[in-house]
Enquirer: 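Can you read through this structure? Questions will come right after.
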Protein chains: 2
Amino acid sequence: MSEKATTNLQSIRDEFVAQWGIMGTQWGINRTMAQIHALLMTSPEPLSTDEVMDELTISRGNAHTNLKELVGWGLIRILTKKGERKEFFEAEKDVWEMFRRICQERKRREIDPALAVLTRCKEETEGMDSAEAMAFNSQMKELEEFVSFGAKMSERVGGMQHGKAMQLAMKLFG
Amino acid sequence: MSEKATTNLQSIRDEFVAQWGIMGTQWGINRTMAQIHALLMTSPEPLSTDEVMDELTISRGNAHTNLKELVGWGLIRILTKKGERKEFFEAEKDVWEMFRRICQERKRREIDPALAVLTRCKEETEGMDSAEAMAFNSQMKELEEFVSFGAKMSERVGGMQHGKAMQLAMKLFG
DNA sequence: ATGAAATTTCAATAATTACTGAAAATAGAT
DNA sequence: ATCTATTTTCAGTAATTATTGAAATTTCAT
């Protein structure tokens, strides 16, 4: 029974990894990266590159690239055992911490560049006096203000401790 | 000078459309769809399929597919002039309304399916008593709770009037 | 310094996704 | 009911993105 339970757990976990991969692609994240993340999130202990390769049946290059990409997102970290050169990877498992990291990185990679475009388009049409130009300028301004406000909000929320944030949310939406 | 201003506005607008397209791809949205959205967001009046094709130099099929996709997201709407069969497309320009639509659709398309996976993985490991299974179960539970909480929050915020939401945000983060 | 064990890179290829253009279907004016 | 403008579909193709696998590089124990 213990054996059956383990087998069953394994198959559910595999299913989770596969599904997370599919969800990833729908989010615009590459499948392998999402799968590795799911794998490490549900791994009792850190895994080496070779173990990840084996579990997911992927090449070394693929495993390596996506592991490093996940490190870049701050969603996994590298561990080493003393006297070994080999690297092991461990996922951040705390959901609030995960959320914070994703917010931070999305801001850096997606929001900030978008803001730069909006600001530039706004500024370059600042003096124009045709009706069209004024409408364009004001649209850019509204977008810019909204995005920048949203970014600030997420910065604030992401800066809070889990407990504080929950407390706040509860107060808002009892 | 009016002519020069117009020319200049045109080029800035083109730049905006192009940049928005690139940003789109980084968000996992297809380039053309993002470009059409940018084009319509900054168009003084509704555009027909042919006009979109011309502006972006894309095929009819491409224009059609992405226009309909944007309608599906609730980010643009169809207008018809009486006595004409031709359809014209107009973007939602209010940023708060845009935000609401995007929240709604992302919930429907991305969050809800993710929740379904998490719930199933949680439930199917509910009775298991190995340490591994319990850790997996609890990880699924934490993810599920967090995502479902986030979904509820966004539902609440998305249900508010712009003014109310701003008021609230100000109170929080004055 | 050397060698073994690991990581990193990258050109070639596979897989996926986006786009075209023309044919088929549809809807509305007459 | 017919004709025509318009929308819709979709097979073929192009463009993009992901993956492989092997060679190059690095690191560290000896």
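Throughout, protein chains are lettered first and strands after them, A, B, ... in sequence-line order, and every chain is numbered starting at 1.
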Enquirer: Remember a base hit wins even if backbone is also touched, and classify A/N30 as base, sugar-phosphate or nothing at under 4.0 Å, heavy atoms.
Expert: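 Counting heavy atoms under 4.0 Å across all strands, the contact made by A/N30 is with sugar-phosphate only.
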Enquirer: Over how many whole Å does the gap from B/E69 atom CD to C/dC19 atom P extend?
Expert: 12 Å
Enquirer: Rounded to the nearest angstrom, tell me the gap between atom CE in B/M53 and atom C1' in C/dG21.
Expert: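 B/M53 atom CE is separated from C/dG21 atom C1' by 10 Å.
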Enquirer: Please output the side-chain donor-acceptor pairs of residues 70-77 of chain B that fall under 3.5 Å, not counting sequence neighbours, one pair per line with the distance.
Expert:
unit_1 : atom_1 : unit_2 : atom_2 : d
B/R77  : NE     : B/E90  : OE1    : 3.0
B/R77  : NH1    : B/E92  : OE1    : 3.4

Enquirer: For A/H64 and D/dT20, give me the distance from atom NE2 to atom P, rounded to whole Å.
Expert: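 Rounding to the nearest Å, NE2 of A/H64 and P of D/dT20 are 15 Å apart.
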Enquirer: Verify side-chain hydrogen bond (donor to acceptor under 3.5 Å, both in side chains) between A/S148 and A/E145, making sure each step is shown before the conclusion.
Expert: CA-CA 5 Å; A/S148 126; A/E145 278 171 1; over 6 Å; no
Enquirer: Taking only side-chain N and O atoms of B/N62, does any of them lie within less than 4.0 angstrom of OP1 or OP2 on C/dA18?
Expert: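 Answer is no, no contact under 4.0 Å.
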Enquirer: Could you check whether any side-chain N or O of A/E51 sits under 3.5 Å from a backbone N or O of A/S48, counting only pairs where one atom can act as donor and the other as acceptor?
Expert: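 Side chain of A/E51 to backbone of A/S48, a donor-acceptor pair under 3.5 Å: yes, one is there.
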Enquirer: Nearest to the side chain of A/T32, which nucleotide is it out of C/dT20, D/dT19, C/dA18?
Expert: D/dT19
Enquirer: With side-chain hydrogen bond (donor to acceptor under 3.5 Å, both in side chains) as the rule and sequence neighbours excluded, what pairs involving residues 29-41 of chain B come up?
Expert: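 Residue pairs with at least one partner in residues 29-41 of chain B: B/N30-B/N66, B/T32-B/N62.
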Enquirer: To the nearest Å, give me how far apart CD (B/E87) and C1' (D/dA5) are.
Expert: 12 Å
Enquirer: Do the rings of A/W96 and B/F146 sit parallel, tilted or perpendicular, given the 30° and 60° boundaries?
Expert: perpendicular
Enquirer: Would you indicate which nucleotide in D/dT20, C/dT7, C/dC19 comes nearest to any side-chain atom of A/K86?
Expert: C/dT7
Enquirer: Have a look at B/R31 and say if it touches a base, only the backbone sugar-phosphate, or nothing, with a 4.0 Å heavy-atom cut-off.
Expert: sugar-phosphate
Enquirer: Starting at the 5' end of DNA chain D and moving along, which residue's nearest nucleotide shows up first, A/K82 or A/I29?
Expert: A/I29
Enquirer: Could you give the CE-to-C1' distance, from A/M33 to D/dT17, as a whole number of Å?
Expert: 15 Å
Enquirer: Closest nucleotide of DNA chain D for B/G61 versus for A/E84: which of these residues is on the 5' side?
Expert: B/G61
Enquirer: Quick one: B/R60 CZ to D/dA5 P, roughly how many Å, whole number?
Expert: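 Atom-to-atom, B/R60 to D/dA5, this comes out as 13 Å.
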Enquirer: Grab the CD1-C1' distance between B/I78 and D/dT8 for me, whole Å please.
Expert: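 Rounded to the whole Å, the gap is 12 Å.
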Enquirer: The side chain of B/S59 is closest to which nucleotide in this list: C/dT7, C/dC19, D/dT6?
Expert: C/dC19
Enquirer: Please tell me which of A/T25 and B/I58 maps to the more 5' nucleotide of DNA chain C, matching each residue to the nucleotide holding its nearest heavy atom.
Expert: A/T25
Enquirer: Between P on C/dA6 and CD on A/E51, what's the gap in Å once rounded to a whole number?
Expert: 12 Å
Enquirer: Ignoring hydrogens and angles, does a donor from either the side chain of A/R85 or the base of D/dT26 sit under 3.5 Å from an acceptor on the other?
Expert: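 Present.
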